[in-house]
Amino acid sequence: MSGSVRCLIAGNWKMNGVLQEAIDFVGGLQENASPEHVEVALMPPFTLLHTLNARLAEKGVVMGAQNVYYEPKGAFTGSISPMMLRDCGCHYVILGHSERRDVIGENNEQLRKKLDAAWAAGLEPILCIGEHLSERESGATNAVLKSQLAILDSVPGNALLTVAYEPVWAIGTGKTASPEQVTETHAFIHDELKRLGCDCRVLYGGSVNPSNAAELMGCVGVEGALVGGASLKAVSFMAIVNAAAHEFG
Ligand code: 13P
């Protein structure tokens, strides 16, 4: 259900980056930034999509957005439609990031509508799931992930999809899940996805950096990373890409 390359390293810039920073970033990427066996993608803010499209493509980097609205057009001030993202050159769209679930209050019902709208426009959603620290500590991780994945019930067989497991307590904190936690949780997610008929790629996200990328990418069931802070600089982003290339080569 995911793209043909099994490993994806995707940079989520969140609400960071203005034009000059983006141009400097692309200038700092190596010539072919997507090595064999690894696909590289960048999700800059909406404001940079149009400008970055051709520049990223020249470096072999696929582009995505960080959110989308589910209506195709009309009186929805401030919203961006799936076709608008396609028009800017996006292949991916991040959906259900914990910052949108927790800060903006996005819920499962809205997320399923967004998934369907993204698929209808030919976008590949990267659906983020993950538990809070209190949920991990109380042993509720699998139940939380199962309820977040439940929106994948009755997904069209040909739908493009990637899932990103991002434990909320590991996002932007410098803490990462241990290799044992990552392996065990990814195994649960893969089983659940198979049960739902969505056998897709599963990324890990949460404080991935050049020092821990090789270990995390080496965990069974991990097929890439969704990178926040370390994707803002070309040097650290490329170091993660190259660590993945080593693991998946
Ligand atoms: P950090 O890599 O900054 O922890 O962010 C992870 C993330 O939220 C990516 O979507």
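Heads up: numbering here begins at 1 and tracks the sequence. First listed ligand is number 1; within each ligand, the first listed atom is number 1. We use all heavy atoms of the structure for the numbers below, so side chains are in, but hydrogens, waters and symmetry mates are not.
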Colleague: Charged N to carboxylate O under 4.0 angstrom, Glu106 versus Arg101?
Modeller: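 Between Arg101 and Glu106 there is no salt bridge, as every charged N stays at least 4.0 Å from the carboxylate O atoms.
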
Colleague: Between Glu39 and Tyr92, does a side chain to side chain donor-acceptor pair (under 3.5 Å) hold up when you go through it step by step?
Modeller: CA-CA 12 Å; Glu39 183 181 28; Tyr92 289 105; 2.6 Å; yes

Colleague: Just say parallel, tilted or perpendicular for the rings of Tyr204 and His186, cut-offs at 30° and 60°.
Modeller: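 Tilted: the ring planes of Tyr204 and His186 meet at 30° to 60°.
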
Colleague: Please could you name the atoms of ligand 1 that Leu226 approaches to less than 4.0 Å, counting only its heavy atoms?
Modeller: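 Atoms satisfying the 4.0 Å criterion: 9 (C), 10 (O).
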
Colleague: Do me a favour and list the nearest non-hydrogen protein atom to atom 3 (O) of ligand 1 with residue, atom name and distance?
Modeller: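 Atom 3 (O) of ligand 1 sits closest to the protein heavy atom Gly229 N, 2.8 Å.
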
Colleague: Taking non-hydrogen atoms only, is Ile171 closer than 4.0 angstrom to ligand 1 via side chain, backbone, both or neither?
Modeller: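 Near ligand 1, Ile171 shows its backbone as well as its side chain.
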
Colleague: Taking 4.0 angstrom as the limit and counting only heavy atoms of Asn12, give me the atoms of ligand 1 inside it, by number and element.
Modeller: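 Within the 4.0 Å cut-off of Asn12, ligand 1 contributes 9 (C), 10 (O).
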
Colleague: Please report whether ligand 1 has a polar contact with Gly228, defined as an N or O pair separated by less than 3.5 Å (distance criterion only).
Modeller: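 Yes: some nitrogen or oxygen of Gly228 is under 3.5 Å from one in ligand 1.
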
Colleague: For the pair Leu232 and Trp13, evaluate side chain to side chain contact (heavy atoms under 4.5 Å, CB included) and give the outcome as yes or no after the intermediate values.
Modeller: CA-CA 6 Å; Leu232 293 170; Trp13 274 15; 3.6 Å; yes

Colleague: Any heavy atom of Ala230 closer to ligand 1 than 4.0 angstrom?
Modeller: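 Per 4.0 Å heavy-atom rule, Ala230 does not contact ligand 1.
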
Colleague: Of all heavy-atom pairs between Leu48 and Gly17, which one has the smallest distance, and what is that distance?
Modeller: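 Taking Leu48 first and Gly17 second, the nearest heavy atoms are CD1-O, 3.6 Å.
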
Colleague: Closer than 4.0 Å to some heavy atom of Ser207 - which atoms of ligand 1 meet that?
Modeller: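 In order of numbering, the contacting atoms are 1 (P), 2 (O), 4 (O).
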
Colleague: Can you give me the closest heavy-atom contact between Ala177 and Leu216, atom names plus distance?
Modeller: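 Heavy atoms of Ala177 and Leu216 come nearest at O-CD2, 4.0 Å.
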
Colleague: Does Arg201 pair with Glu124 as a salt bridge, N-O distance under 4.0 Å?
Modeller: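 Here Arg201 pairs with Glu124 in a salt bridge, since their nearest N and O are under 4.0 Å apart.
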
Colleague: Under a 4.0 angstrom heavy-atom cut-off, which atoms of ligand 1 come close to Lys14?
Modeller: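 Taking each heavy atom of Lys14 in turn, ligand 1 has 5 (O), 6 (C), 7 (C), 8 (O) under 4.0 Å.
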
Colleague: What about Gly172: any of its N or O atoms under 3.5 Å from an N or O on ligand 1?
Modeller: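 So ligand 1 has an N or O lying under 3.5 Å from an N or O of Gly172.
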
Colleague: Just distances here: any N/O of Glu166 and N/O of ligand 1 closer than 3.5 Å?
Modeller: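 Min N/O separation from ligand 1 is below 3.5 Å for Glu166.
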
Colleague: Against heavy atoms of His97, which atoms of ligand 1 measure under 4.0 Å?
Modeller: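 Under 4.0 Å from His97, ligand 1 has these atoms: 7 (C), 8 (O), 9 (C), 10 (O).
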
Colleague: Do the charged groups of Glu192 and Arg195 touch, with an N to O distance under 4.0 Å?
Modeller: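 Salt bridge flag = yes for Arg195 with Glu192.
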
